[in-house]
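Okay, so here's the structure we're looking at.
Residue numbers start from 1 in every chain, and the chains themselves are labelled A, B, ... in the order their sequence lines are given, proteins ahead of strands. The analysis underlying the following values was restricted to heavy atoms, covering all of them including side chains, and did not include hydrogens, waters or symmetry mates. Keep in mind it's a predicted model, so treat the numbers as computed, not measured.
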Amino acid sequence: MPELPEVETIRRQLEPDLVGRTIETVEVLDPYFSKPALPREFEGAVEGREIVDVGRRGKYLMLELDDGNTVVIHLRMTGALILIDPEGVENPGDARIYEPDTGSKHLKARFTLDDGGELRFTDPRRFGRGFVANQDELDEYFASRLGVEPLGPDFTVEAMAVMSANRTGPLKSFLLNQKGVVGVGNIYADEALYRARLHPLSTGASMKAEHHEALRDGVVEALERGLDLGGASIDDYRDAKGETGSMQNEFLVHRREGEACHNCGETIVRIVVGGRSTYYCPNCQVKLRKPPKKRKA
DNA sequence: CGCGCAACCTGTCTGC
DNA sequence: TGCAGACAGGTTGCGC
């Protein structure tokens with residue numbers, strides 16, 4: 001579910017309420033959450049620690065602790081982090097994730113705070129994970145699987161040119177691969193390609209300078225729009241307050257099969273790329289020619 | 001090294 | 001009503 005805009009929305013909501021708080025108790029109710037670590041190991045590493053910062057890298061959320069360790073949480077498809085303030089919540093945005101009893105079907109972990117509040121992790125599909133790592137372990141973990149932050153200074157046209165140069169697979173797959181640009185998932189990949197007027201099946205290697213710039217801009221604009229709207233809630237996504245985002249009301253192509261392109265009126269089509277549903281406008285997003293083969297000098 | 005696909009899970013919806 | 005099958009925001013591991 002959550003891509004960069006959704007995770008960053010949650011981070012911004014958690015930061016002011018969590019920084020400075022001490023985590024008094026932790027209950028891991030589903031061993032899948034802390035896997036491969038045992039629930040007791042996870043709980044023991046976190047209980048009694050103060051949260052000194054709330055960060056994000058790609059789609060990972062990070063709670064930095066006062067002992068140099070970091071709690072890293074990935075929501076995957078259906079995970080949610082819900083903050084229950086000390087006074088409690090009287091009008092839940094989604095009853096399922098607010099069920100207070102630990103027997104609640106999808107409550108997987110609960111962190112109680114020293115101000116009486118709680119942080120809850122819920123996840124119907126059980127793909128979400130949390131682990132504790134020190135700085136060196138964290139650097140190594142991210143270095144081997146994450147690329148450039150799209151909303152940071154390193155996501156330049158030149159960076160896009162370099163990372164896409166040898167890509168012979170579809171642009172859609174390239175955007176989903178977190179080793180290039182991080183934070184883009186199935187929704188924002190479709191939206192970014194549409195904004196860039198690039199066909200999802202065009203290859204990275206077939207792009208020229210103008211396309212590098214268009215795709216860089218398309219990714220940034222799609223993600224920033226998502227952030228402005230508090231993320232996209234197709235089904236499960238809720239922010240830390242249990243509220244939905246509204247990006248789903250402004251999708252340009254994603255999930256709009258059979259509807260008219262806002263730019264040209266052509267019918268939006270759906271195809272499958274890399275096993276993922278992919279939506280685009282066949283008129284606005286024209287496939288690029290493959291680059292000419294290199295010839296011997 | 002890059003690519004394509006199955007696998008990991010559960011829930012919901014569609015069509016017969 | 002029941003049931004099979006498709007599909008869902010992500011990532012990893014495997015074979016090629």
Side-chain angles (χ1 to χ4, degrees), chain A residues 1-10 29-36 56-61 72-81 94-97 104-108 121-131 141-142 144-147 162-192 200-206 222-223 225-227 229-239 244-251 253-258 270-279 290-291:
Chain A
M1 95 188 196
E3 306 178 32
L4 188 150
E6 289 75 26
V7 178
E8 177 62 18
T9 295
I10 292 169
L29 304 155
D30 181 352
Y32 268 67
F33 173 72
S34 59
K35 202 175 172 182
R56 178 192 59 76
R57 178 80 171 91
K59 302 171 191 171
Y60 292 85
L61 265 170
V72 183
I73 294 174
H74 198 301
L75 276 29
R76 293 289 185 101
M77 302 285 264
T78 54
L81 274 173
D94 184 330
R96 288 177 304 170
I97 49 190
S104 172
K105 202 172 176 188
H106 300 308
L107 180 62
K108 307 303 179 185
F121 178 83
T122 66
D123 187 11
R125 221 167 148 187
R126 304 175 80 198
F127 284 152
R129 294 286 183 275
F131 64 91
Y141 185 85
F142 286 152
S144 67
R145 58 197 89 208
L146 298 185
V162 170
M163 70 177 76
S164 62
N166 297 322
R167 293 325 193 96
T168 58
L171 284 178
K172 173 68 181 264
S173 303
F174 163 68
L175 289 179
L176 294 180
N177 184 345
Q178 303 297 298
K179 288 176 186 172
V181 198
V182 299
V184 178
N186 209 36
I187 292 173
Y188 295 95
D190 285 356
E191 298 293 292
L201 291 178
S202 288
T203 69
S206 69
L223 293 175
R225 188 64 186 144
L227 251 182
L229 296 176
S233 298
I234 294 170
D235 189 23
D236 292 290
Y237 171 69
R238 297 295 182 277
D239 64 24
T244 61
S246 57
M247 176 70 177
Q248 68 280 4
N249 300 322
E250 295 196 16
F251 285 161
V253 285
H254 189 73
R255 291 211 168 203
R256 294 192 63 237
E257 181 182 20
R270 170 187 181 271
I271 59 174
V272 175
V273 182
R276 314 301 302 279
S277 284
T278 298
Y279 303 82
K290 300 245 177 195

Query raised in the report: How would you list, by chain and number, every residue that makes a salt bridge (charged side-chain N to carboxylate O under 4.0 Å, His left out) with A:Arg57, sequence neighbours excluded?
Result: A:Glu149
**Report entry** Nearest-Å distance for atom pair CD/P, residues A:Glu3 and C:dA8
**Finding:** 13 Å
**Report entry** A:Thr78 side-chain N/O to C:dA8 phosphate OP1/OP2 under 4.0 Å
**Finding:** no
Query raised in the report: Tell me: CG of A:Asp123 to C1' of B:dG11, nearest whole Å?
Result: 12 Å
Shorter than 3.5 Å, N or O on both sides, protein versus nucleotides 1-5 of chain B: list them out with atom names.
from: B:dC3; atom 1: OP1; to: A:Thr168; atom 2: N; distance (Å): 2.7
from: B:dC3; atom 1: OP1; to: A:Gly169; atom 2: N; distance (Å): 2.7
from: B:dC3; atom 1: OP2; to: A:Arg167; atom 2: NH1; distance (Å): 2.4

Query raised in the report: Under 4.0 Å between a side-chain N/O of A:Tyr188 and OP1 or OP2 of C:dG9, yes or no?
Result: no
Report task. Check whether any side-chain N or O of A:Ser233 sits under 3.5 Å from a backbone N or O of A:Gly231 as a donor-acceptor pair, and report yes or no. Result -> no
Query - Nucleotide B:dT12, atom C1' - distance to OH of A:Tyr237 in whole Å - result: 21 Å
**Report entry** Check: A:Arg129 main-chain N/O paired with A:Lys108 side-chain donor or acceptor under 3.5 Å
**Finding:** no
**Report entry** Interatomic distance where CE belongs to A:Met247 and P belongs to C:dG9 [whole Å]
**Finding:** 14 Å
Query raised in the report: To the nearest Å, how far apart are A:Glu6 CD and C:dA8 P?
Result: 16 Å
Query - Partners passing side chain to side chain donor-acceptor pair (under 3.5 Å) against A:Glu257 (at least two apart in sequence or in another chain) - result: none
Query - ring pair (Phe, Tyr, Trp, His ring centres under 6.0 Å) against A:Tyr32, all qualifying residues, sequence neighbours excluded - result: none
Query raised in the report: Taking atom C1' in both B:dC3 and C:dG9, what distance in whole Å separates the two?
Result: 23 Å
Report summary line: Hits for side-chain contact (heavy atoms from CB on, under 4.5 Å) against A:Gln178, two or more places apart or cross-chain, chain-then-number order -> A:Lys59, A:Leu146, A:Val182
**Report entry** ring pair (Phe, Tyr, Trp, His ring centres under 6.0 Å) against A:Phe174, all qualifying residues, sequence neighbours excluded
**Finding:** none
Report summary line: DNA chain C in dot-bracket form (Watson-Crick or G-U pairs under 3.5 Å, [ ] crossing, | inter-strand) is .|||||||.|||||||
**Report entry** Given C:dA8, B:dC8, C:dG9, the nucleotide with the shortest approach to the side chain of A:Phe127
**Finding:** B:dC8
Query raised in the report: Does A:Arg125 make a side-chain donor-acceptor contact with the base of B:dC9, cut-off 3.5 Å?
Result: yes
Requested in this report: Answer yes or no: is there a donor N or O on one side and an acceptor on the other, between the side chain of A:Glu3 and the main chain of A:Tyr188, under 3.5 Å?
Outcome: yes
Query raised in the report: Of all residues at least two apart in sequence or in a different chain, which pass the side-chain contact (heavy atoms from CB on, under 4.5 Å) check with A:Thr168?
Result: none
**Report entry** Listed partners of A:Phe121 passing ring pair (Phe, Tyr, Trp, His ring centres under 6.0 Å), at least two apart
**Finding:** A:Phe33
Query raised in the report: Taking CG from A:Asp30 and C1' from B:dC8, how many angstroms apart are they, rounded to a whole number?
Result: 13 Å
Query raised in the report: Over how many whole Å does the gap from A:Glu191 atom CD to C:dG9 atom C1' extend?
Result: 13 Å
Requested in this report: Going 5' to 3' through nucleotides 11-16 of chain C, assign each nucleotide B (protein heavy atom under 4.0 Å from a base atom), S (under 4.0 Å only from sugar-phosphate atoms) or - (no protein heavy atom that close).
Outcome: BS----
Requested in this report: Only counting residues at least two apart or in another chain, list the ones meeting ring pair (Phe, Tyr, Trp, His ring centres under 6.0 Å) with A:Phe131.
Outcome: A:Tyr141
Query raised in the report: With A:Arg125, which residues qualify under salt bridge (charged side-chain N to carboxylate O under 4.0 Å, His left out), at least two apart?
Result: none
Query raised in the report: Out of B:dG11, C:dA8, B:dC9, which has the shortest distance to the side chain of A:Pro124?
Result: B:dG11
Query - A:Phe33 CZ to B:dC9 P, straight-line distance once rounded to whole Å - result: 16 Å
